[in-house]
Structure formats: structure tokens, C-alpha cells
Amino acid sequence: MLKITDLHVHYGGIHALKGVSLSVEEGQIVSLIGANGAGKSTCLNTISSLVPASSGQIIFMENDITKSAPHSIVKSRLIQVPEGRKVFPQMSVAENLEMGAYVRTDKREVKADRERVLNMFPRLRERERQLAGTLSGGEQQMLAIARGIMAKPRILLLDEPSMGLAPILVQEIFSIIREINAQGTTILLVEQNAHMALSIANYGYVLETGRVVLEGPATELAANDEIRSAYLGA
Amino acid sequence: MLPVLGFTLLGVTIVLIVLLFKFKVQLTLHTAGQIAYTPLMFILAVLALNYLLVGLEADRIYFLQQTVYGISLGSVYALIALGYTMVYGIVRLINFAHGEIYMLGAYAGFFAVTSMGLHFVLALIFAMAAAALAGVLVERIAYKPLRNAPRLAVLITAIGMSLLLQNVGQKVFGSIPRSFPRQFDGLYQIGGINLDQSRIIIFLITFLLMLALQYFVNYTKPGRAMRAVSQDRDAAQLMGINVERTISSTFAIGSMLAGAAGILVAIVFPQIRPTMGLMPGLKAFVAAVIGGIGIIPGAVIGGLLLGVSENLVTAYLSSSWRDAIAFGMLIVILLVKPSGILGRNVREKV
């Protein structure tokens with residue numbers, strides 16, 4: 001569904017990605033793990049075209065999107081939920097959800113999706129009229145994911161959804177990710193929390209200073225000794 | 001009796017203002033909020049002052065007369081200031097060529113009325129369209145290539161663009177002032193105050209344009225996109241918003257308002273010249289900063305405040321203090337509350 005070949009990115013004078021190749025099959029959850037600064041976010045931002053690729057190729061649904069504009073990538077329903085939430089702070093929760101459906105024209109279905117999303121996140125329903133900037137970190141993360149779903153994604157790229165959240169919230173967010181996937185959305189998940197990320201994924205990639213150093217089925221990676229000592233603290 | 005009425009009205013005004021601030025859902029950053037309310041609030045405050053003055057047996061007619069003039073001047077400042085503030089909200093640029101767009105609007109209106117013999121309303125629409133086109137062209141030619149350049153480079157370009165348009169204007173239109181044909185002669189008297197038709201029209205059109213802007217920014221898709229881009233450009237792109245197109249439409253709408261201001265001013269002060277944009281442009285910029293740059297209702301509050309203060313200073317002190325008060329207010333606001341009247345202390349994003 002999504003296939004990246006030999007992707008190089010120069011970002012702020014740094015060679016941030018040095019030939020990354022990865023692929024995501026339809027219906028899967030794929031996790032991209034690695035330490036801070038390994039290039040995980042750069043990878044997602046390059047897929048979304050917020051950061052230009054120096055060389056390499058990104059294919060989504062048989063189309064080369066390497067040089068597409070960010071907004072046309074969104075139209076092909078490749079949706080990113082960015083790191084640090086990035087909700088619109090001066091808009092209400094309801095308006096943020098509407099922004100998620102910005103490119104959609106099927107008004108009736110948007111309305112149905114809105115209900116579905118609000119059922120998924122009852123806390124957002126309570127705060128529908130509140131400004132997004134006044135929500136707690138966990139609520140903002142939920143809103144960011146909810147806003148992503150409103151775009152009716154074929155594939156959802158999630159950037160560090162657990163960052164800065166209390167353990168109980170992390171559990172909740174991950175079970176929601178699983179639920180979204182079960183409803184048919186493919187997921188590419190970037191995480192520092194390797195343990196959680198591998199526990200829900202089908203397949204995993206380990207990124208280290210801009211290179212994929214290891215890949216394999218998530219269960220194998222979770223059992224790998226190197227991974228265990230480097231990322232799982234065991 | 002009258003002072004009591006005055007105090008009551010003043011009280012009501014203050015309550016209304018407090019309410020507005022309380023529901024700053026709409027009022028704070030980057031939303032159009034209650035733009036159209038602010039002129040009403042102003043009138044209420046003026047009425048309140050009026051009754052107070054009557055109670056104090058001051059020359060209230062003179063005061064009111066000057067205030068009315070101030071409000072119509074102020075609404076023109078407000079229209080221009082809206083363009084500054086909207087553009088700043090989107091691209092963080094003070095578009096110093098904005099005053100020249102206002103000048104071009106006045107000339108477009110002039111030619112529409114004289115050469116084409118159009119009705120005033122059509123001339124207004126023509127001036128707005130011409131100004132919008134000019135604004136978008138300036139953005140495309142001068143600012144777009146510098147999208148990722150340091151902000152200072154773009155600022156200098158904007159000043160250069162302003163000088164260029166002034167001089168091209170002198171070359172093309174001639175440096176001799178032209179006189180805009182008189183459009184409205186009506187004169188009304190309400191409670192001893194002279195209200196000429198042209199000033200009423202300025203006020204009405206400004207009010208309508210602000211209502212339209214409020215609707216546009218809050219309830220239409222491009223308006224929402226505009227707010228989204230101003231709040232978080234990357235996130236806006238991830239929603240599928242075409243940022244370049246949003247920037248263009250922001251320039252178009254801001255310029256449209258400046259174009260309207262150009263022709264509206266010309267019906268009261270019929271002398272138009274290629275350098276006419278300089279002072280009002282600067283004053284409107286001051287108004288935008290006073291209200292809080294990037295905040296749409298702030299531009300309206302700043303514009304009205306500036307217009308009224310200027311007129312009152314002219315009336316009670318001397319006209320040579322006019323510009324001093326405007327820029328004095330700028331200095332005071334920068335010292336006391338640099339983020340402007342409606343501004344909050346927002347962290348500067350790196």
C-alpha cells in the first residue's frame with residue numbers, strides 16, 4: 001500500500017535519512033521505532049511532503065507521491081497525526097473535527113463519522129464547545145487522532161501518540177489505535193515507547209541515525225536481544 | 001437626571017465590553033469574532049459620554065461633531081488595518097505596500113466614476129476588485145519567491161514595493177492631485193450634529209464589509225482555512241489545506257478592504273494623489289498594532305480609537321498634534337502592552 005525506497009532527506013544541514021526503505025501492507029499496523037533523533041518524524045514528514053526528499057521514492061496506492069504537494073497527498077487519504085498534537089488551539093473541539101474533514105465533500109457521511117468519532121472519544125463530546133488549546137495533553141492527543149479519522153484515512157500515520165501521557169492514557173490511546181485498525185484503517189506508527197508499539201504491531205522497523213538497522217515481524221523484534229537491551233530496558 | 005443616564009449608559013457599555021472579553025472564545029487570536037460589534041460599542045460609549053457632558057454643561061455638540069468625524073475617519077483606518085492584520089496573521093509579514101493598494105483603490109474608483117461613468121456602487125465594487133488583483137500580484141511577484149527567506153528580507157521587500165508603487169503611480173497617474181467628483185451632497189442634522197451623507201455612507205459600508213468579513217472568516221471554508229493556517233501552518237497542510245491558495249485569498253480580501261477604504265475616503269476628501277497611501281497606511285499599521293496585530297477585531301478597535309483620538313486632538317489642541325498623537329499612542333502601547341489591546345502574550349515560535 002505504501003512503499004518507500006532508498007529515501008534520502010537533508011534537513012537543516014543534516015543528512016537526516018540515509019536511504020530508508022520500508023513498506024506497509026494494507027490492513028496492517030507497522031511500527032517504526034528508534035531513539036530520539038533517529039529520523040522517525042522526518043520520515044513521516046517526508047511522506048506527507050512537509051519536508052522534501054533529496055532522493056528516493058514514495059509510492060502510495062500505486063502512485064508516486066514523492067513530489068506531490070502536501071494537500072494533494074491528504075486528498076489521496078494518506079493522513080498524518082503529527083507529533084505534539086498540533087490541534088488548532090483557538091478553535092473549538094467541534095471546529096477542529098470539521099478541519100479534519102476539510103477535503104471531504106460527502107457531508108452526510110462526515111456527519112456520521114463525527115458521531116462515530118465522538119462515540120469513540122466520549123470525553124471529546126463533553127468538551128465539544130471548548131477551545132482545543134484549553135484541553136489537557138491527553139485530550140488534545142485524542143482530538144488529534146479524532147481529527148485524523150475525520151479525514152477518512154486509507155492509511156493513518158501516527159507520530160508519537162504516547163508522548164508525554166500518563167501510563168493509563170497510553171494504554172487507552174493504544175487500544176484506540178488497535179480499534180481504528182480493526183475498522184479497516186492501515187496504520188504506520190512512530191514511537192519511542194518500543195514495547196507498546198511492538199505489542200500492537202504486525203511488523204516493525206528499527207531506525208538508527210537515519211538508517212533502518214533491523215526489521216521483522218513485531219513478535220520477533222520484541223524477542224530480539226539487541227532490541228530488548230537497547231529499547232525495551234530488559 | 002442626564003448625568004445619571006450618562007453613567008447608566010457608560011455602565012452598560014462597560015458590561016458589554018467585559019462580556020465580550022469573557023467570551024473570548026471568539027475574540028482572542030486569529031478569529032473574526034465580534035468585529036462588527038465594536039463600532040456599535042463605540043457609539044454607545046460616545047452616547048454615554050455625551051450625556052455625561054450634558055450633565056457637566058460642556059459644549060457637547062462640538063464634542064459629538066468631532067467624534068462623529070473621528071468615527072468615520074477611524075472606520076477607514078480600521079478597513080485598512082484589517083488588511084495589515086490578516087496578512088500578518090497568515091504570513092507574519094507587515095505588508096508595507098498595503099497603503100499603496102489603498103491608493104490604487106482610490107484611483108480605480110476615480111477612473112470608474114470619471115472615464116467609465118459608473119454608478120458609485122459599481123465603482124466601489126470595481127475599486128475593490130482592482131485592489132484585490134493588485135494585492136495578489138504584489139504577493140505573487142514580491143513575497144512568494146521569499147517564502148522561506150528571513151523575515152527581515154521580506155520586510156525590506158515590502159518597503160521597496162511600497163516605494164515602487166508610489167513612484168510608478170506618479171509616472172502613470174501623474175503627480176498632480178486629481179479631484180474625485182462629488183458623489184453625495186446630502187446633509188442631515190440630528191440633535192444639532194451635522195451628518196453629511198458621505199460620512200454616513202462610509203460608516204454604513206464599513207459596517208457591512210465588517211459583517212461580511214466576520215461571516216467569511218468564521219463560517220466559510222476558505223475563512224476556516226485562513227484561521228487554520230494562521231494558527232498552525234503545518235497542521236493546516238496536514239488537513240489538506242492549500243496554503244499558497246489561502247495566502248493568496250488573504251491578500252485578496254485584505255486588499256479588497258483597502259480598495260474600498262480608498263474610494264470611501266475619496267468621497268469625503270476628494271483629493272487623490274499617488275502618495276496618498278503613505279500616511280493612512282502607516283496610521284492603519286499603528287491601529288493594527290494598537291489593537292493587537294494578527295487579531296481581526298483588534299484592527300477595528302485600534303482604527304476607531306485612533307480616528308477618534310486624532311479628531312479630538314485636532315479639535316481641542318491643534319491639528320499639528322494629529323500625527324504626534326497617533327505615533328505617541330503607538331509608543332505607549334509598545335511600552336505598556338506590546339501585544340496590543342486584545343493581544344495575549346503568545347510565545348514566539350522558533
Side-chain angles (χ1 to χ4, degrees), chain A residues 12 41 44-45 47-52 68-105 107 110 128-134 140 143-144 147-148 150-153 156-159, chain B residues 21-34 85-86 89-90 144 147-148 150 217-249 292 294-298 339 342-347 349-350:
Chain A
S41 291
L44 290 197
N45 285 336
I47 298 173
S48 287
S49 231
L50 294 182
V51 174
S68 302
H71 60 93
S72 54
I73 291 176
V74 173
K75 279 201 186 103
S76 65
R77 295 183 14 225
L78 183 157
I79 306 299
Q80 184 191 152
V81 176
E83 182 180 356
R85 289 61 117 165
K86 284 185 170 262
V87 294
F88 298 109
Q90 299 294 324
M91 289 187 190
S92 67
V93 169
E95 274 187 300
N96 265 280
L97 292 179
E98 278 170 40
M99 290 314 299
Y102 182 80
V103 293
R104 292 176 61 180
T105 46
K107 282 196 179 149
V110 169
E128 238 187 305
R129 301 272 133 228
Q130 205 171 315
L131 284 192
T134 64
Q140 287 191 15
L143 178 57
R147 190 179 61 176
M150 287 301 290
K152 207 178 174 185
L156 194 62
L157 316 183
L158 291 162
D159 198 350
Chain B
F21 273 85
K22 237 194 124 197
F23 296 109
K24 51 180 165 222
V25 184
Q26 300 294 318
L27 250 183
T28 46
L29 294 179
H30 316 311
T31 64
Q34 328 297 5
T85 231
M86 287 166 68
I90 295 277
K144 193 178 173 183
R147 195 73 79 223
N148 296 315
V217 175
N218 279 330
Y219 302 112
T220 68
K221 233 177 164 185
R224 275 214 190 97
M226 216 178 251
R227 279 156 61 211
V229 172
S230 84
Q231 289 176 30
D232 193 322
R233 185 187 288 198
D234 280 351
Q237 289 190 311
L238 292 176
M239 301 299 113
I241 292 168
N242 185 339
V243 171
E244 285 301 326
R245 194 188 296 161
T246 305
I247 292 173
S248 287
S249 65
I295 307 165
I296 291 177
S339 54
L342 293 186
R344 298 190 317 186
N345 294 322
V346 272
R347 64 211 143 79
K349 276 190 217 150
V350 192

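Note that the structure is predicted; figures quoted are calculated from it, not measured. Here is how names work: the chains are called A, B, and so on, in the same order as the sequence lines, proteins then strands, and each is numbered from 1.
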>> My understanding is that only one of A:S48, A:P70, A:S49, A:P82 makes a side-chain contact (heavy atoms from CB on, under 4.5 Å) with B:Q237; could you say which?
In response: A:P70
> Which heavy-atom pair separates A:F88 from B:D232 by the least distance, and what is that distance?
Replying inline: CE2-O, 3.7 Å
> With sequence neighbours excluded, what pairs up with A:R77 under the side-chain hydrogen bond (donor to acceptor under 3.5 Å, both in side chains) test?
Replying inline: none
> Is the count of non-hydrogen atoms from other residues, nucleotides or ligands lying under 6.0 Å from B:R245 atom CZ greater than 12?
Replying inline: no
> Given a strict heavy-atom distance threshold of 4.5 Å, which part of A:R147 is in contact with chain B: side chain, backbone, both, or neither?
Replying inline: side chain
> If you take all heavy atoms of A:V74 and B:L238, which pair is closest and at what distance?
Replying inline: CG2-O, 3.4 Å
> Any donor-acceptor pair under 3.5 Å linking the side chain of B:K221 with the backbone of A:Y102?
Replying inline: yes
> Going through the checks in order, is the side-chain contact (heavy atoms from CB on, under 4.5 Å) test met by B:I241 and A:H71?
Replying inline: CA-CA 6 Å; B:I241 292 168; A:H71 60 93; 5.9 Å; no
> What is the minimum heavy-atom distance between A:V103 and B:M239, and which atoms define it?
Replying inline: CG1-O, 3.7 Å
> What are the two closest heavy atoms between A:M99 and B:A228, and how far apart are they?
Replying inline: CE-CB, 3.7 Å
>> Below 4.5 Å, heavy-atom pairs only: which of A:P89, A:A101, A:G100 has the largest tally toward chain B?
In response: A:P89
> Is a donor on one side and an acceptor on the other found under 3.5 Å between the side chain of A:Q90 and the backbone of B:Q231?
Replying inline: no
> Using a cut-off of under 4.5 Å for heavy-atom pairs, which of A:M91, A:K75, A:M150 has the most such pairs with chain B?
Replying inline: A:M91
>> Holding to side-chain hydrogen bond (donor to acceptor under 3.5 Å, both in side chains), I want the full list of residues that pass it with A:E98, two or more places apart in sequence or in another chain.
In response: B:R224
